[in-house]
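Notes follow once the structure below has been shown.
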Amino acid sequence: MLVVGVDIGNSTTEACVAELDAGSPVYLGSALARTTGVKGTTENLHGAERAIRAALTEAGRGMDELAAVLVNEATPVISGLAMETITETVITESTMIGHNPDTPGGAGLGAGTCVAFAELPGRAAGEEVVCVIGAGIDFEDAAAGINAATARGVVVTAAVVCADDANLIVNRLDRPIPVVDEVTLIEKVPLGMRAAVEVAEPGHTIRTLSNSYGIATVFELDAERTRMIAPVARALVGNRSAVVVRTPAGDVTDRRIPAGSLTLHGERGRRTVGVAEGAGAVMATVRGIAPLIDAHGEPGTHAGGMLSQVRDTMSELTASPVGEVRIRDVLAVDTFVPQRVTGGLAGEFALENAVALAAMVRTSQGPMALLAEELRRGLGVEVRVGGVEADMAVLGALTTPGTDRPLAVLDLGGGSTDAALAAEQVHSVHLAGAGDLVTKLIDAELGLDDTELAEQLKQHPLAKAESFFQLRMEDGTVRFRDEPLPAECFARVVVLGEHGFLPVPARHPVEKIRTVRRSAKHRVFVVNAVRALERIAPGGDLRGLGFVVVLGGSALDFEIPDMIAEALAPYGIVCGTGNVRASQGPRNAVATGLVTAHAARPAEAAR
Ligand code: ADP
Ligand code: MG
């Protein structure tokens, strides 16, 4: 008898074809397809059909030979994501220009009174000035003007330029000075005020203006004023060049947006926690009252907005009333997002603190029968819905060589991190936050606004194209190539994707991307692995778990399983990536479990 097991996940639908006649199943083919529509709805039909047909093709069999399609009882939980910034940098008056033009000129620190280029001839000898060169001034004229002023004894310590001319000007100066260019809103630079200009040597970042006391020294600030200027220094950290202008009323504020609080209603009580207290505080609260029954955010705040956003999306997707959507788990993650500084003069960005929330939502059960009916009609094959997903995952995981009961599985998917422990009974949990959240964090923290690229950056290591024939891998090793690299990769950071090299358009160095990538994985998967295992371990003690098999799409990641294994090492747990049927890696566990379970019930199978 030929059967096919089908596992419809939030992201992926997996199938495997097996022949059952001779007792234990003989597996003939496996396949996967992207899940169509929301898990558990009739829209899943297309994805399921695609996976089944592909598995049959691999098995060399036809749809007409199939005796049954085995589908799991899809868990009625799906996940949603929301992210909000909780701080905002606002510049009132113009006090700061902190940006990274491609090619600032000169190097060092210069301070003086801001003087328009046209006013230079009027300045007296000995006066310290910062020359402000507006739009439309030719670089040769600019250099000649500065040289003339210097010859007269005016101390031109630095310059700020509208055009991309810094090097062209510096190269023509008798005495080189630091020059910051590409300042688009140059007309807003307040003249007559004291300013400091800093340009770092190539490969370095500024040292003085990114340090509160450095700014205090340049402007002779007292303690109170230094405290006020501190956000400026913070916003300038990591820049290659910067300009700070002291205006009497000038002010940069580091505003905290009212983030609001979350009210968590759990089986062990109800508690409220402020989102601004950070992810750690939120998660400690969740842990204290888990399992969660529902959660609400303070109306009119970001917390309220985030949760109702999740609730609305879920209600829409599952066609159930908003009032019936229950939030069964929450994962809060601290993050930061580059945001344009309000009032900046050169399109400055500051890293603002943000909180990302992933939520697990319980949906009304039932459409599974509908889906089975549609499948039956569409394929013309008997369809059996049976088997709890967690039980099936355990059965599938047990086909991994070297495993035995008691066995815990950790299923790292796209939307949720699921865990199950097979002791006498299978006990399982579904936690919010998994691969999709990691992708979203990478996307937001690097300011990419490109989910596809973020997904590639998550899945593959990086390299820097140092020349057309030479790649510096992120681990520092060098790879030489016979063929020249594509021109668009030159001097860029590239991802070593499955389809060759993909240049990363952002200007981040390899190390920055790598740090963000690894930290995002850590914040989501290490946190969730521990959380999930604590919930299923006997008495909540991880030491009670012997074998942990990691499954799911995110278990294919090149560093996540290692991070988890490392985090679990102190508990004496054997933790490794599953290898379902000694051939499928961490994929296909539930589909395989469905077939195994079916084969073990011959009476039922014959019915
Ligand atoms: P589900 O069970 O929810 O349908 P999957 O088990 O298919 O989900 O996992 C989907 C997740 O796995 C996605 O977040 C995807 O980015 C991730 N993923 C798939 N392949 C890889 C890979 N090679 N490396 C890292 N992550 C991967
Ligand atoms: Mg899955």
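Note that these values count all heavy atoms, side chains included, but never hydrogens, waters or copies made by symmetry. Order of listing sets the numbers, starting from 1, for every ligand and every atom in it. Because the structure is predicted, anything quoted here is derived from the model rather than measured.
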Protein neighbours of ligand 1 with a heavy atom under 4.0 Å, given by chain and number, are Gly9, Asn10, Ser11, Thr12, Gly413, Gly414, Gly435, Asp436, Glu455, Lys458, Gln459, Gly552, Gly553, Ser554, Leu556, Asp557, Arg587
Donor + acceptor pair across side chains of Glu455, Thr439 (<3.5 Å) = yes
Are a donor atom and an acceptor atom from the side chains of Glu445 and Thr335 found within less than 3.5 Å of each other?
-> yes
Determine whether the side chains of Asp294 and His265 contain a donor N or O and an acceptor N or O closer than 3.5 Å.
-> no
Cut-off 3.5 Å, side chains only: do Glu389 and Asn72 have a donor facing an acceptor?
-> yes
Cation-aromatic face contact Arg581/Tyr27, 6.0 Å, 45 degrees | yes
Pair Thr35, Thr13: side-chain N/O donor-acceptor within cut-off below 3.5 Å = yes
